[in-house]
2 protein chains.
Amino acid sequence: MKDYKVYCLDLDGTVFRGSEVIPETADFIQRLQQKGIEPYYVTNNASMTQLQFAEKLKSFGISAPAEHIMTSSIAAAKYIKRWYPDKKVFMIGTDGVEEALKSEEIERVYEDADIVLMGIDRNINFQKLATACLEVRKGAVFLSTNRDLAFPSEKGFMPGNGAFTKVVSSSTGVEPVFIGKPEMHMLEAIQYEIGCEKENMVMIGDNYDTDIQAGIRFGVETIHVNTGVTPMEDAVKKEIPPTYAVENLSFWEI
Amino acid sequence: MKDYKVYCLDLDGTVFRGSEVIPETADFIQRLQQKGIEPYYVTNNASMTQLQFAEKLKSFGISAPAEHIMTSSIAAAKYIKRWYPDKKVFMIGTDGVEEALKSEEIERVYEDADIVLMGIDRNINFQKLATACLEVRKGAVFLSTNRDLAFPSEKGFMPGNGAFTKVVSSSTGVEPVFIGKPEMHMLEAIQYEIGCEKENMVMIGDNYDTDIQAGIRFGVETIHVNTGVTPMEDAVKKEIPPTYAVENLSFWEI
């Protein structure tokens, strides 16, 4: 099987399912590390920080450097730093977005913003959404961490960041740039940081519409794992199928 | 000019503009009243109660019986009473929606609802929208007072109820029944209550896409007034134009 230099793994459905680790993936990561390769983790989840994810992985017995965890809020902050240096941001979100902006030393404001950045926020309210609408109407660049319309909870499916983003996009008529998968910005941020060739990168995930699509759009090879959202039989029938499809990562030799 | 028995007047842009009365309409209402005709008022605004609107009209020198003011929240409550008697409602909204449900003696609940009703709510938050999503996913009928995506304020355009409704509709995949104009439910509620013939009703308004469309969809004649949103030259060029178009209601003899 092909050897890559940069392995990008989705988290939920690929490394773990909710609060349970997927053992074949944990073993795969260990095999990579024994070869001296530290994989990257690519998640649309914008609510948690890199450190919080690193701790979650540690609780599954997986050691991962915090800076190898690419969340959609980290990618958003890097996107702002790269394309809009020195611009001021009005943000909606929690720890994940707040820490990401801090880590890139981006100034946070509550009015007269150059950029509006939306991520999931359980403390969202009318005032925050109204401010986002006013700032976007005044010309602020509109970014959103991801398109996710719903996420699971103990009570059932909760509205996701993509659903709240529609308040602002429908009211203002301005569509945001979405940072998360299926867009390619997170993979691009990894490549930009380490300066590798696309031929040496691979995106691995369970969800065709987000993980595999992100890889396809960025132009890297992809491995679909049959451990989450998209059944393998559906993934391989797509017009542009994943480069490879495996039941789980115990089938991937390195 | 044709004599009707039931005159339905839009409010904002037709009777008043923000905090200023449109004098030709105030005079028109007085001429109707001198002939013994008490007009109806039809507004998508779901935030204020009938009494609050009656007081606002009174401050403009217009006397209007509160029960002649058909707001989208009153129409929603009447719609629930008529089509879903004895059903329990989870509501998002303020005084307007709350009082409307009370006036129709509809039971309000915070979980296990048969119906979810959304109206504009400046105290909206994650929890309210999450509950709406959960209840709609469990099968509750989904109603929304109106499609309005934005409304003017001193600060600029604020997100309207139609924008917040998209959180729930996009997250659950369930489209609501909208009660307000351009839907016909408010005009139907007036007809149902007084039992008149459609031939004797007319809908008067400044906004082609809401007021005139509501009249067309309900199948009554319409009068467009050139005092608000849609310029007369645009209104008369529509595929289905209003029945009549006047500069203002001083040109309408009765």
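Below, chain A is the first sequence line, B the second, and so on; all start at residue 1. This structure is a prediction, so every number in the text was calculated from the model and none was measured.
The number of heavy-atom neighbours closer than 6.0 Å to NZ of A/Lys87, taken from other residues, nucleotides and ligands shown, is 12 or below. Annotation for B/Phe60: atom CZ counts as buried by contact number, over 12 foreign heavy atoms lying within 6.0 Å. Remark: B/Lys58 NZ is loosely packed, at most 12 non-hydrogen atoms of other residues, nucleotides or ligands lying under 6.0 Å away. Other residues, nucleotides and ligands contribute more than 12 heavy atoms inside 6.0 Å of the NZ atom of B/Lys138.
Heavy atoms only, all atoms of each residue included: B/Leu149 and A/Ser171 are closest at O-OG, 2.6 Å. In plain terms, the two heavy atoms of A/Phe126 and B/Arg122 that are nearest each other are CB-O, 3.2 Å.
For B/Arg137, the part lying under 4.5 angstrom from a heavy atom of chain A is the side chain only. For B/Asp121, the part lying under 4.5 angstrom from a heavy atom of chain A is the backbone only.
Each of A/Asp148, A/Leu129, A/Leu134, A/Asn125 has some count of heavy-atom pairs under 4.5 Å with chain B, and the biggest count is that of A/Leu134.
Each of A/Thr172, A/Val168, A/Val167 was scored for a side-chain contact (heavy atoms from CB on, under 4.5 Å) with B/Pro159, with one residue passing: A/Val167.
For the atom pair CD1 (B/Ile124) and CD (A/Gln127), the distance works out to 13.5 Å, reported to the nearest 0.5 Å.
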